[in-house]
Undergrad: 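My questions all concern the structure below.
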Amino acid sequence: MNSAATEKPAAFLDRDGVINYDDGYIGTRERFRWIPGVVPAIRRLNQAGYLVFIFSNQSGVARGMFSENAVRQLHDWLRGELAKQSARIDDIRYCPHHKDGIVADYIRDCDCRKPKPGMLLDLMRAWPVQRAGSFVVGDKLTDIAAAEAAGLPGYLFSGDDLASFVDRILDEMSQRR
Ligand SMILES: [Mg+2]
Ligand SMILES: [Zn+2]
């Protein structure tokens, strides 16, 4: 089997404002409120043969609001909760940096913080992503800017229901082919 045969399109999902409500600097599961339709949206992507990724700015680490370990624990929990409901997240990237941070290790003008495309590019290097059909969903213009910088279509989500939003994107993608 050649590598091209195993390539899959990917859905790159922002976290805060797409998976959970963006209540500001969410570092613990106690403050994590799910957006409606996340489980069926991710299941539909899984069933459509998509890789599903989360990519998220988490400058709360650089700002000293929570630790990087807390972010990892939250993401392990998030993936576990979804997996219990047969919704698979393949991988997660987050940016813990900020140029105006207060935690020395994370004070950086990095290449991963959106609107830069570093996290998307990293995922596309790490996984066999087929560009055709791939897309980004975010709730901010910085997500869309990162998508464009990576050469991917970006869709701005208003936060109502992720399943119907993803359904519309997949319909649009299937009509393009
Ligand atoms: Mg967001
Ligand atoms: Zn970064």
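Atoms within each ligand, like the ligands themselves, are counted from 1 in listed order. Note that the coordinates shown come from a computational prediction; the quantities given were computed from them, not determined experimentally.
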Undergrad: Are any of the side-chain nitrogens in K116 or D109 under 4.0 Å away from the carboxylate oxygens of its partner?
TA: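 Yes.
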Undergrad: Just the protein N/O/S atoms under 2.8 Å from the Mg ion (ligand 1), please, no waters.
TA: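 Hits for the Mg ion (ligand 1) below 2.8 Å: D14 OD2, D16 O, D139 OD1.
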Undergrad: Decide, yes or no, whether a salt bridge links R63 with D100 under the criterion of side-chain N to carboxylate O below 4.0 Å.
TA: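 No, this pair does not count.
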Undergrad: Does a salt bridge link R168 with E172, judged by any charged N lying under 4.0 Å from a carboxylate O?
TA: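 Judged by the 4.0 Å cut-off on N to carboxylate O distance, R168 and E172 do not form a salt bridge.
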Undergrad: Which atom name does H97 have for its N/O/S atom nearest to the Zn ion (ligand 2)?
TA: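 So the atom name we want here is ND1.
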Undergrad: How are the rings of Y155 and F165 set relative to one another: parallel (under 30°), tilted (30 to 60°) or perpendicular (over 60°)?
TA: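 Ring orientation, 0 to 90° scale: perpendicular.
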Undergrad: Hey, is K114 close enough to D14 for a salt bridge, meaning N to O under 4.0 Å?
TA: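 Between D14 and K114 there is a salt bridge, with a charged N closer than 4.0 Å to a carboxylate O.
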Undergrad: Nearest 10° is fine: what angle sits at the Zn ion (ligand 2) between SG from C110 and SG from C95?
TA: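 SG of C110, the Zn ion (ligand 2) and SG of C95 span an angle of about 100°.
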Undergrad: Looking at the rings of W127 and F53, which for Trp means the six-membered one, are their centres under 6.0 Å apart?
TA: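 That pair passes the under 6.0 Å test.
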Undergrad: Is any side-chain N of the basic residue among D167 and R44 closer than 4.0 Å to the acidic one's carboxylate O?
TA: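 Counted as a salt bridge, because a side-chain N and a carboxylate O are separated by less than 4.0 Å.
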